[in-house]
Undergrad: 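Got a structure for you, written out below as structure tokens; questions coming shortly.
Any value given below was found using the heavy atoms of this structure, including those in side chains, with hydrogens, waters and symmetry copies removed.
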Number of protein chains: 2
Amino acid sequence: MYSLDKTDTQLLQALSADPRSTFVALADTLGLSRNTVQARMKRLEDSGAFLGFDRRINPAALGYPLTAFIEVHVQQKRLAQIVIDLALIPEIVQAHGMSGQADLLVRVVCTDAADLFRIDGTILACDGVERTETSLAMGEVIPYRLTPLLDRRG
Amino acid sequence: MYSLDKTDTQLLQALSADPRSTFVALADTLGLSRNTVQARMKRLEDSGAFLGFDRRINPAALGYPLTAFIEVHVQQKRLAQIVIDLALIPEIVQAHGMSGQADLLVRVVCTDAADLFRIDGTILACDGVERTETSLAMGEVIPYRLTPLLDRRG
DNA sequence: CCTGAATAGGGCACTCTGCTCACTATTTTT
DNA sequence: AAAAATAGTGAGCAGAGTGCCCTATTCAGG
């Protein structure tokens with residue numbers, strides 16, 4: 001496994017600060033040549049340091065202003081099938097398999113409280129799902145970030 | 001508030017399929033002129049349909065292969081200060097304020113179980129934090145997606 | 001019937017990209 | 001110590017994409 005050196009970290013920092021910035025701009029910022037930046041970026045991509053590109057879409061713009069997290073308790077041996085069933089529910093935007101109280105942590109978006117109630121029902125209706133616990137997200141008090149981790153590497 | 005029409009939805013679909021695709025490519029795919037695509041994208045940007053750009057970085061590449069979710073119960077009137085304190089912990093990559101069982105749902109990354117234990121301790125040490133419940137994420141069984149929602153508008 | 005919005009098509013200067021090549025340091029291997 | 005791999009630099013070039021401009025056409029609503 002490839003491990004990042006200081007220059008790589010600086011690259012990632014610069015990219016976090018401005019994900020749109022071009023190779024030319026990065027080279028300029030870090031005082032490297034464009035070739036070097038390009039080579040390192042390619043290496044980072046190949047090594048899997050990037051999960052990909054993203055133009056993040058606001059669910060609210062799509063008409064789903066509410067986000068909720070639903071803990072799902074299931075019959076564990078049916079887990080695989082349940083995941084397949086859940087994947088069919090469009091309002092589920094993400095799900096993690098968990099080790100802990102719940103078996104699954106599901107993130108859903110919805111139009112309003114009634115919609116959330118309906119989605120919860122749909123989840124409960126899946127064969128093998130035993131119980132759910134719903135929590136409405138009031139806000140993202142710490143928006144997703146990796147900057148502090150990058151900064152610590154100096 | 002601007003509401004998306006069919007063409008906008010198709011644009012977002014095409015972008016979800018390939019976030020890197022250029023205006024030229026989008027115009028080509030949808031059978032529109034480049035000017036139209038550019039105009040619509042600008043409108044979408046201005047209307048807040050995009051949350052921004054992202055070159056997603058793999059925390060594992062940074063040396064944090066583990067992800068966990070920690071439910072945090074707090075003295076509610078100290079919530080604001082607690083959020084500030086939590087924001088100082090670099091391993092916290094995201095946090096939501098919740099209405100439900102817990103007051104906060106915190107997402108952390110860590111190097112190993114011992115590291116998670118330490119981070120949990122740091123959270124508990126914050127003034128006003130009463131209790132935490134930690135769950136280790138075993139995997140992202142449904143990766144973040146908005147495609148099904150977009151497709152439904154078809 | 002007229003107006004305004006959306007779209008299309010053309011054009012132009014500029015930047016970025018992907019690629020290649022030659023040259024220089026630095027480090028590793030033999 | 002000599003040879004070889006590795007990383008970086010600087011230059012150049014063709015192609016693609018962008019941002020911006022202007023104009024013509026279509027079409028729905030007043």
Undergrad: Side chain to side chain donor-acceptor pair (under 3.5 Å), that's the test. Do A:Gln81 and A:Asp127 meet it? Break it down for me.
TA: CA-CA 9 Å; A:Gln81 181 58 43; A:Asp127 211 41; over 6 Å; no
Undergrad: Please tell me if A:Gln38 has a side-chain N or O lying less than 4.0 Å from either OP1 or OP2 of C:dG18.
TA: yes
Undergrad: Could you check how far CD of A:Gln10 sits from P of D:dG8, rounded to whole Å?
TA: 12 Å
Undergrad: A:Thr36 has a side chain; which of C:dA8, C:dC12, D:dT9 sits nearest to it?
TA: D:dT9
Undergrad: Select one nucleotide: of D:dG8, D:dC21, C:dT7, the one nearest the side-chain heavy atoms of A:Arg43.
TA: D:dG8
Undergrad: Which nucleotide in the list C:dT7, D:dT18, C:dG10 gets nearest to the side chain of B:Ser33?
TA: C:dT7
Undergrad: Nearest to the side chain of A:Arg34 - D:dG10, D:dC13, D:dC20?
TA: D:dC13
Undergrad: Please determine if a side-chain N or O atom of B:Thr22 lies less than 4.0 Å away from the OP1 or OP2 oxygen of D:dG17.
TA: yes
Undergrad: Please report, rounded to the nearest Å, how far the P atom of C:dA8 is from the CG atom of B:Leu30.
TA: 10 Å
Undergrad: Considering only NZ, NE, NH1 and NH2 on the basic side and carboxylate oxygens on the acidic side, decide whether B:Glu130 and B:Arg78 come within less than 4.0 Å.
TA: no
Undergrad: C:dG9 P sits how many Å from B:Asp28 CG, rounded?
TA: 12 Å
Undergrad: What is the distance, to the nearest angstrom, from the CD atom on B:Glu45 to the C1' atom on D:dT18?
TA: 13 Å
Undergrad: As a test of reading the structure: which of D:dG17, C:dG18, D:dC20 is closest to the side chain of B:Val24, going by heavy atoms?
TA: D:dG17
Undergrad: Let me know, please, whether B:Ala39 or A:Ala25 comes out on the 5' side of the other along DNA chain C by nearest nucleotide.
TA: B:Ala39
Undergrad: Between C:dC16 atom P and A:Asp18 atom CG, what is the distance in whole Å?
TA: 12 Å
Undergrad: Do you know the tightest heavy-atom contact between B:Thr67 and B:Leu136?
TA: O-CD1, 3.5 Å
Undergrad: Supply the atom-to-atom distance B:Thr134 OG1 to B:Phe69 CZ, rounded to the nearest 0.5 angstrom.
TA: 12.0 Å
Undergrad: Of the nucleotides C:dT7, D:dT9, D:dG12, which has the atom closest to the A:Leu32 side chain?
TA: D:dT9
Undergrad: Find the distance B:Asn35:CG to D:dG17:C1' and express it as a whole number of Å.
TA: 14 Å
Undergrad: Looking only at the side chain of B:Arg40 (C-beta and beyond, no hydrogens), which of the listed nucleotides C:dA6, C:dG18, C:dC12 gets closest?
TA: C:dA6
Undergrad: C:dC19 P sits how many Å from A:Phe23 CZ, rounded?
TA: 11 Å
Undergrad: Quick one: A:Lys42 NZ to C:dG18 C1', roughly how many Å, whole number?
TA: 11 Å
Undergrad: Between atom CD1 of B:Ile84 and atom CD1 of A:Ile142, what is the distance when rounded to the nearest 0.5 Å?
TA: 10.5 Å
Undergrad: Of B:Thr7 and A:Ser21, whose closest DNA chain C nucleotide lies nearer the 5' terminus?
TA: B:Thr7
